[in-house]
Amino acid sequence: MSSLGNQKDSSASPANPAADVILRATGLAVAYGAVEAVRNLDLEVAAGEIVVLLGANGAGKSSMLNAIVGLSPRVGGSITFEGHDITRKSTEMIVRSGISLVPEGRRLFSNMTVRENLRLGGAALRPAEFEREFERLHDLFPILRKRADSQAGLLSGGEQQQVAIARALVGRPRLLLLDEPSLGLAPIIVNRVFEIIEELRRRKVTILLVEQNAERALKIADRGYVMSNGVVEAAGRAADLQASAIENAYLGTAGA
Amino acid sequence: MNIRMKRIALMTAAAALMLWPLGAAAELKPGTVYKIGWASDKSNYLSFVDEPLAKGMEIAIEEINAKGGIAGKVKIELDRRDMKSDPMLGATVVQELIAAGANFIVTTCDTDVSLPGAQMAAKASLPVISSCGADAAGPSQVPGGFGFLNVPGTLTQGAMLAEYAAKKGYKKAFTLKSKSEGYTHTLGVAFEERFRELGGEIVGEAYYTLGDSSYRVTATKMASSDADVIMTNTFPPDTTAFLKDLERLGNTKPIIMVDGNDTPVIFDAGGQLDISAMTTYGGNRTPGSAFETFEKEYRAKFGADPESLQTALGYDLVVSVAAAVEAAGSTEGAAVRDALDNVENVAGATGLISYKNSPIGRGIPKKDYAVVTFDRANRKFVVVEVGFPQKFPPVK
Amino acid sequence: MAMSQKWWLRALIGSAQILVLVSLLVAAVSLLGSSTDQRILTVFLINLIAAIGLQIYTGTSGIISFGHVGFMALGAYGSALFTADPAIKAMGIPNAPDFILTSAMGFLPAMLIGVGVAAMVAAVIGRVFVRLGGSAAAVATLGFMVMVFTVLSNAEEWTRGAKAFSGIPAYTTMGWCMGAFAVILVIARLLRESDTGLGLRSSRDDAIAAQASGVDVVNSRYVMWVASAACSAVAGALYAHYIGAILPKAFHFELTFLVVTMVIVGGQSITGAIVGTLLITILAEALRRLENGFSLGSFSLSEAPGLTTAVLALLIVFTLTMRPQGLVGRWELDDLTARWLAKRRPAANGTALPFEKDRERNPAA
Amino acid sequence: MELMLQQFINAVSLGSIYALVALGVAIVFSILRLANFAHGELMTVAGYTLYATLLAGVHWFLAALAAIAASVIAALLLERLAYRRLRSANPLTLLITSFAVSVALQSLFLLFFGARPKGIELPAFVDAGFRIGQLRVQWLDVFIIVITGLIVLSLHLFLKKTVIGLALRSAADDFRTTRLMGIKANAVVVGAFMLSGALAGIAALFYFATVPNVVPSSGFEPMLKGFIACVIGGLGSLPAAVVGGFLLAFLEVGSDAILSNSLSPYLDAIVFGIAIILLRWRPGGLFGVRMTEDLRV
């Protein structure tokens, strides 16, 4: 449909035009005081897709994710989720409407147990429902069974990342936002994280992923956006982006 | 007339001569107003005594003004302003009152907090009285002899309490004092001094901080001591908390208390009151007494029983000042000061008041104390003894 | 012009600007005000010195102290004991040591003794306090204030205990107050603009980063702590020699909260302390006069005790709700005037203004 | 021996009240970093409610419930009217605001009820007790200690087992991430103030059972004690608040019980002195480690 260099054209549309677009950001702008983090950004995610946001540090990727859930100060544009305008909604209402964010650095409640962390992730669920969801997650995250009553802060980084993802999933979100899930993890653990993401894909979970590890991210993603200095520099099918990205210095120098 | 008395009489005469021209110049003119300026606490912790005092003063002022004023000529006006128990603001307010034409200054119910304001009044040659502050050293710290107290002070009351205790046959006392204030300390010390003098022994001393809620450690110590009487220098709400703690420990030792507790709130303390007594003012409370008349007037005006003894002290203050102004025949500061110094047997609500030749010290009135017990069923005080201590510690 | 300005020059210019404004205020009240107004002005200046004293520590370290009124008390008693009339001391504190009983010093040497005592106490206990931040500091300093109060209330041989210590000569005049104010203002600004002060201020937001860039936070705080205690003691000495009779209760919770509120409402700068003191003095006085003046007719405001205090407290809440950083935030008067000048004459060469340059490191939270 | 046991009971009973006050202070602090000076006034509200209802002849049990309800309502009003706008302000501003709120409330109490103490007519059982040998035990103490134990236990279970409880804990740890769980920020803050108000109300019942009078400034002393207890234990941690409360009570009772006459007037100074030394040794309090720099400007 499009190739690298065609900015913000129809390539921003989902891979499968028939699929429903569930998240749509239009002309989004985010600013911290005088510092603009994201400018005039258009982005779409369709049901069942994995979309990856790429870019160097400070490109505005995390600000973008945070803006979707209302944690970053949005100064312009709009966001709709499943047809509803969520631009002015509070974080908790956005989360309750079906979007879940796994924040950068995992941010588990370190003084609480794994089980308690997950219970909060499913805060809206009734106890019985929660138990069912908790059980359901066990095959994907065996760690939950083993360490359910361990203090979250005492787990290893990889284990914490799994718990963080599980915590985001337990409330059965229709869109999962993953912020740098492989950051600071050993390579072997990173493999495990990507395995989990692939498994989620098989289970038809819609994911918007922010990732530094472009090569691996593009392998599992359907589509990708490349951000630099707060704007989208390129967008398109993951395969196209991948081919160009490897030979092009875009990703390495995007933040320069 | 002995030589000393003669000398005093001569000196008084001389003073009167010296003041003559001034007095003549400011002779009481009909239709004029005598303004009492009061730097009072309306909104801080001393307001709990100044508020009832104000009501008592109001009654006395109405009574006097209804008869045409002092000597039938000069009406009294009260200008009461808030000093929030702050000594610095107290001095400011006194200055303001002087500027507003006050003839006489009243300060709040604490001689120590009052002192800066009192000194300010003295500098302007106005007599000044603490509404119910009780430190006998107070007047001597105000220059020019302008300082007065409205009550006989902690030394005499402490001695009165000690004499009562000795009369009851108590030998060993345990005292509770606080160094948070002068009143809560000097009275207890005077009691101890006089009690020892009478052959008693102080077997224990405890201290509290004003506003403490728990007296259990102290109460436990007291209950388990070999004291045969407990003397406390507290006032409510501290007293009620203290007595409750004693009650719950099953204390049976008699408790003697001080005038700060002369308020119906004390009856919340419960059972321990049955074995307690208290010194206070207002000796004679029998039917037909000045005290009873005052209470009647109070009820007529405010539709309720006086909320504390301070109401009567407020009445006393005004009648003493009015008597002095009448005797001076002048509203001039120094003249009123000298006249107040010579006031003798003025009928106040709490009995006869005399500043003349005060045995305690210049500026400090002599009036009888009462020892009262508690009629819990009717929430009334019962006078068991009236009098004044034989001896008391000197002013320090 | 601003770029090359030396830190000490900036401090002096800033002090001079404030001094001019306060002098104008003093002149106006002295010429036009009643005797009561002048009295209130003197009390205002004493509170001002106390507030600046506290701000020297709080404004630079970002740590609150509820203990500085304790230093005021030490300054007050220290100075009063050496100046009071020996005849009165012989009556009031006959058991005090001879060097106190016989002493009848002038104001300045006695004040310096009071200041010295406070500074010494601050130096001894300072090492403990400067390591505390946050609530721990709040409670510990409050504890220090209670300890001073308790000791003064109990040291009957020296202080007459809880009773008023009187006979203190009325040395405090408007001239003394203005002189002391000027000196302390300059000291405060110099400390604030010095490397120590600047480094410490940068540590308020990020202590670790500041330490990494070479700021010795603990020692810098210690310097400010002792200096601020000494300045508070000056306020105490002026207080004692103005009021003529002091008692421990005068230096307790109420004065503590008054001074702390003045500082917090004003902001984090020396100018802030002044603005806060001015605002609270004016509000309290206006309400007080309203209460006293409103006694005509059937309704009298003075029959509603506590109402004016409640109104004052609510105004403080309102002010802080509107401006959580305090009225002037972290700015000094000279920053504000420089900014104002810059707005009027758009900078031709685009050089950074001093406050922008220096305070970039220390942005408001 | 009996004397020591008696003082021990005194300390446990006193410690229970301190612990309840400290818990109330700590719950709000842990979530908002607000050292709420006006916590004492919540107790005073409960005190005046007790006074008014008992005076009106209401049964003591209903009066107690009314008192607790009143302080919960007062806590919620404070949150809504005074603190909500300041939620992101720095802790020192919050502290001074809460102090000003405390002064304002005291002035309003003075305006409505006057400065004189108002007597609270306690039911007779409050004074009843029994003896074990020489030891005199009051039912009130038993009651205070048992109820405090139950409250601490049920609070523990509440924080451990319910989603709201978990949310309160997680908000104390990381407010932002708590919101990412779909938990309403307002609900958490309001919940914290409700709990704090309820604890203040219950603490007030016990407090006014020992001091049967209420004055406008009644709440100041217990608030200060609760605050000290929190800081000694470690601000921000609820178990630490409980331990701090008991520690402070034992410190006070212990020093008061053993001090000689010449030293006992210095009790306040000694208790504070020990607290300061403790803080010097562990600036975050005995059990708190992460909250040392909370109250910076």
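Just so we're on the same page: letters track the sequence lines, and every chain starts at 1.
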### side chain to side chain contact (heavy atoms under 4.5 Å, CB included) assessment of C:L142 paired with D:L224
CA-CA 10 Å; C:L142 192 71; D:L224 194 62; 3.4 Å; yes
### Query
Can you say whether C:F318 sits under 4.5 Å from chain D via the side chain, the backbone, both, or neither, judging by heavy atoms?
neither
### Task
Any chance you could lay out the side chain to side chain contact (heavy atoms under 4.5 Å, CB included) test for C:M322 and D:R85, step after step, and finish with the verdict?
CA-CA 9 Å; C:M322 292 295 131; D:R85 289 198 55 138; 3.9 Å; yes
### C:F66 ring center near D:F99 ring center (under 6.0 Å)
no
#### Entry: Top of D:A104, D:S107, D:P216 for chain C proximity - count of heavy-atom pairs under 4.5 angstrom
D:S107
### Query
Taking all non-hydrogen atoms of both residues, which atom of D:F272 and which atom of C:G143 are closest, and how far apart?
CD2-CA, 3.1 Å
### chain D contact via C:V148 - side chain, backbone, both or neither, heavy atoms under 4.5 Å
neither
### Side chain, backbone, both or neither of D:L111 within contact of chain C (heavy atoms, under 4.5 Å)
both
### Query
Does atom CD of C:E285 have more than 12 heavy-atom neighbours, drawn from other residues, nucleotides or ligands, at distances under 6.0 Å?
yes
### Part of D:V101 within contact of chain C (heavy atom distance under 4.5 Å)
both
### Donor-acceptor under 3.5 Å (D:T93 side chain, C:P324 main chain)
yes
### Task
Evaluate the side chain to side chain contact (heavy atoms under 4.5 Å, CB included) criterion for residues D:I276 and C:F129: first the C-alpha distance (whole Å), next the side-chain angles of each, then the deciding distance (0.1 Å), finally the verdict.
CA-CA 9 Å; D:I276 291 170; C:F129 286 86; 4.0 Å; yes
### Message
Please rank C:N154, C:I316, C:T309, C:V317 by heavy-atom pairs under 4.5 Å with chain D and give me the top one.
### Response
C:N154
### Query
Which region of C:V139, side chain (C-beta onward) or backbone (N, CA, C, O), has a non-hydrogen atom less than 4.5 Å from a non-hydrogen atom of chain D, or is it both or neither?
both
### Query
Any idea which heavy atoms bring C:A155 and D:Y266 closest together, and the distance?
N-OH, 4.5 Å
### Task
Work out which heavy atom in D:A100 is nearest to a heavy atom in C:A313; give both atom names and the distance.
O-CB, 3.2 Å
### Query
Could you give the distance from CG (D:L94) to CG (C:L320), rounded to the nearest 0.5 Å?
9.5 Å
## Note on the structure
For C:L132 and D:L279, the nearest pair of non-hydrogen atoms, with its separation, is CD2-O, 3.5 Å
### Summary
Heavy atoms of D:P265 and C:T150 approach each other most closely as O-CG2, 3.5 Å
### Query
Is the number of heavy atoms from other residues, nucleotides or ligands within 6.0 Å of CZ (C:R127) greater than 12?
yes
### Task
Check whether the ring centres of C:F253 and D:F220 lie less than 6.0 Å apart, and answer yes or no.
yes
#### Entry: Spacing of D:L92 atom CG and C:T58 atom OG1 [to the nearest 0.5 Å]
7.5 Å
### Task
Below 4.5 Å from any heavy atom of chain C, which atoms of D:F112 appear? Answer side chain, backbone, both or neither.
neither
### Query
Rounded to the nearest 0.5 Å, how far apart are CZ of D:F227 and OG of C:S135?
5.5 Å
#### Entry: Rounded distance (nearest 0.5 Å) linking atom CD1 of D:I96 with atom OG1 of C:T261
5.0 Å
